[in-house]
Engineer: 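I have a structure I would like to understand better, so I am pasting it below and will then ask my questions one at a time.
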Amino acid sequence: MDRLDSRSFLLVLVCMLGALAQEDLKGKAFIFPTSSNTSHVLVRARPRQPLTSFTVCLRVYTDMSHPGTFFSYATSATDNDIVLFQPKSSIYHLYVGNEFIDFFFLEKMDSRPRWEHICMSWESATGLVEFWLDGVRWPRYGMMKGYSVSAEASIVLGQDQDVTGGGFELSQSYVGELTDVYMWDRVLSPKEVRHVQNGTVVSDSLINWRAFNCDIRDYVIVKPALIPV
């Protein structure tokens with residue numbers, strides 16, 4: 001086994017240990033090589049109390065022609081409590097409490113695949129949702145004002161949960177690469193979003209790519225992210 005393969009094996013082993021270990025995944029990516037109703041990453045993280053605001057950021061690289069789910073936060077009461085879902089290459093669905101808002105990017109329809117940095121945030125007090133793509137914020141919309149997201153959750157990468165921890169569908173599985181996954185229990189400022197995009201760690205995160213706990217299930221590979229400089 002060469003040094004790179006040994007490193008990838010150790011990362012998978014650490015993720016399998018879940019809450020017993022944390023791994024700095026800087027420069028690494030989860031690769032979801034094919035459609036599946038089983039392959040996913042179960043993130044070992046949970047808020048200490050119900051969420052009245054949050055921000056989720058991640059980086060993706062895909063040329064999917066079918067719908068795919070990047071991030072799924074499901075509770076016993078609401079399977080789509082927080083979901084970042086791409087029904088088409090030019091559309092993003094952002095779910096909070098089973099309601100969703102669409103963001104459209106028509107210029108992406110004929111473009112080549114590239115790494116994209118995505119952040120979404122929501123706050124209960126106003127219901128405002130923010131969506132950032134590569135450091136640019138789209139117009140803000142509102143939904144689920146006054147709602148709170150349960151802290152008793154299952155967090156999954158690469159699949160949409162129709163029930164807590166399962167109910168995966170082949171047609172909604174993610175195919176591509178995914179890295180730099182973070183979550184906070186607050187709305188990040190524009191300056192903080194740009195810091196995250198540029199690789200700076202913003203403190204007090206619930207999910208931290210630089211100290212990551214997870215279980216890798218089925219066909220998900222850990223490899224260098226190969227993001228162009």
Side-chain angles (χ1 to χ4, degrees), residues 11 15 25-36 39-43 45 54-73 80 82-95 100-121 129-138 155-161 168-184 188 193-199 202 205 207-210 212 214 216-217 219-229:
L11 290 173
C15 276
L25 294 182
K26 181 180 180 180
K28 303 296 178 182
F30 291 129
I31 302 173
F32 300 82
T34 187
S35 298
S36 168
S39 301
H40 66 286
V41 176
L42 177 64
V43 182
F54 66 83
T55 303
V56 174
C57 294
L58 47 80
R59 204 180 303 270
V60 298
Y61 183 56
T62 182
D63 62 353
M64 286 189 305
S65 59
H66 66 79
T69 307
F70 305 133
F71 182 96
S72 171
Y73 180 112
N80 291 329
I82 304 171
V83 179
L84 179 52
F85 176 72
Q86 190 175 39
K88 296 181 179 180
S89 62
S90 58
I91 304 174
Y92 292 96
H93 279 347
L94 308 181
Y95 283 85
F100 71 88
I101 290 176
D102 281 334
F103 289 85
F104 296 86
F105 301 87
L106 297 180
E107 69 277 9
K108 290 180 58 182
M109 293 182 69
D110 298 319
S111 63
R112 292 180 298 175
R114 60 180 175 84
W115 280 101
E116 296 176 353
H117 187 259
I118 298 167
C119 287
M120 64 170 288
S121 66
V129 174
E130 295 185 7
F131 183 82
W132 296 76
L133 180 64
D134 295 332
V136 177
R137 181 177 59 78
W138 254 238
I155 304 174
V156 164
L157 307 178
Q159 296 282 356
D160 177 45
Q161 302 174 82
F168 306 143
E169 296 182 15
L170 189 73
S171 61
Q172 296 178 337
S173 63
Y174 175 58
V175 178
E177 304 183 27
L178 189 152
T179 188
D180 295 340
V181 181
Y182 293 91
M183 182 178 185
W184 295 264
L188 295 191
V193 170
R194 294 187 179 99
H195 280 327
V196 176
Q197 181 194 4
N198 292 329
V202 175
S205 57
I207 298 173
N208 184 352
W209 192 248
R210 302 295 302 275
F212 205 74
C214 68
I216 294 177
R217 304 288 174 85
Y219 192 22
V220 181
I221 309 299
V222 182
K223 286 287 186 180
L226 302 180
I227 298 174
V229 177

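Count residues from 1 along the sequence.
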Engineer: Fit a plane to each ring of His93 and Tyr95, take the angle between them on a 0 to 90° scale, and name the class: parallel (under 30°), tilted (30 to 60°) or perpendicular (over 60°).
Structural biologist: perpendicular
Engineer: If you define the side chain from C-beta out and look only at heavy atoms, does anything of Ile82 sit under 4.5 Å from Met183?
Structural biologist: yes
Engineer: I need the Asp160 CG to Ser173 OG distance, nearest 0.5 Å.
Structural biologist: 10.5 Å
Engineer: Are any of the side-chain heavy atoms of Thr62 and Gln86 separated by less than 4.5 Å?
Structural biologist: yes
Engineer: Run the side-chain contact (heavy atoms from CB on, under 4.5 Å) check on Thr179 and Ile227 step by step: do they pass?
Structural biologist: CA-CA 10 Å; Thr179 188; Ile227 298 174; 4.0 Å; yes
Engineer: Could you tell me whether the side chain of Arg59 and the main chain of Glu177 form a donor-acceptor pair under 3.5 Å?
Structural biologist: no
Engineer: Do Tyr182 and Thr55 come within less than 4.5 Å of each other through their side chains, counting heavy atoms only?
Structural biologist: no
Engineer: Where do Cys57 and Val196 come nearest, in terms of heavy atoms and distance?
Structural biologist: CB-CG1, 4.1 Å
Engineer: Does Arg114 reach the side chain of Asp134, with side-chain heavy atoms less than 4.5 Å apart?
Structural biologist: yes
Engineer: About how many Å separate CG of Leu84 and CZ of Phe71, when rounded to the nearest 0.5 Å?
Structural biologist: 8.5 Å
Engineer: Can you check whether Ser121 reaches Leu188 side chain to side chain, under 4.5 Å on heavy atoms?
Structural biologist: no
Engineer: Can the ring centroids of Tyr92 and Phe103 be said to lie less than 6.0 angstrom from one another?
Structural biologist: no
Engineer: Could you state the interatomic distance from CZ (Phe30) to CG (Leu25), rounded to the nearest 0.5 Å?
Structural biologist: 5.5 Å
Engineer: Side chains of Phe100 and Asn80: does their closest heavy-atom pair fall under 4.5 Å?
Structural biologist: no
Engineer: With rounding to the nearest 0.5 Å, note down the distance linking OG in Ser39 to CG in Leu170.
Structural biologist: 10.0 Å
Engineer: Is the shortest heavy-atom distance from the side chain of Lys88 to the side chain of Pro67 under 4.5 Å?
Structural biologist: no
Engineer: Which is it for His40 and Val220 under the side-chain contact (heavy atoms from CB on, under 4.5 Å) test, yes or no, and what are the steps along the way?
Structural biologist: CA-CA 7 Å; His40 66 286; Val220 181; 5.7 Å; no
Engineer: Hey, could you give me the CG/NE2 distance between Asn198 and His117, rounded to the nearest 0.5 Å?
Structural biologist: 8.5 Å
Engineer: How far does CG of Leu157 sit from CZ of Arg217, to the nearest 0.5 angstrom?
Structural biologist: 12.0 Å
Engineer: Taking all atoms of both residues into account, what is the closest heavy-atom pair of Gln159 and Glu169, and its distance?
Structural biologist: OE1-O, 3.8 Å
Engineer: Search all heavy atoms of Ile155 against all heavy atoms of Tyr73 and return the closest pair with its distance.
Structural biologist: CG1-CD1, 3.6 Å
Engineer: Locate the shortest heavy-atom distance separating Ser171 from His66; write the atom from each residue and the value.
Structural biologist: O-ND1, 3.8 Å
Engineer: What closest approach, in Å, do Ile207 and Val181 show between heavy atoms, and which atom pair accounts for it?
Structural biologist: CG2-O, 3.8 Å
Engineer: Can you spot which of Tyr174, Phe32, Trp115 makes a ring-ring contact (aromatic ring centres under 6.0 Å, His included) with Tyr61?
Structural biologist: Trp115
Engineer: Side chains of Gln161 and Ser72: is there a donor and an acceptor less than 3.5 Å apart?
Structural biologist: yes
Engineer: If every non-hydrogen atom of Lys28 is compared with every non-hydrogen atom of Val222, which pair is closest and at what distance?
Structural biologist: CB-CG1, 4.2 Å
Engineer: Please examine the side chains of Ile118 and Trp132, heavy atoms only from C-beta on, and report whether any two atoms are closer than 4.5 Å.
Structural biologist: no
Engineer: Can you tell me if Asp180 uses its side chain to pair, donor with acceptor, with the backbone of Leu58 under 3.5 Å?
Structural biologist: no
Engineer: Just to verify, which of Ser35, Pro33, Ser36 counts as forming a side-chain contact (heavy atoms from CB on, under 4.5 Å) with Val175?
Structural biologist: Ser35
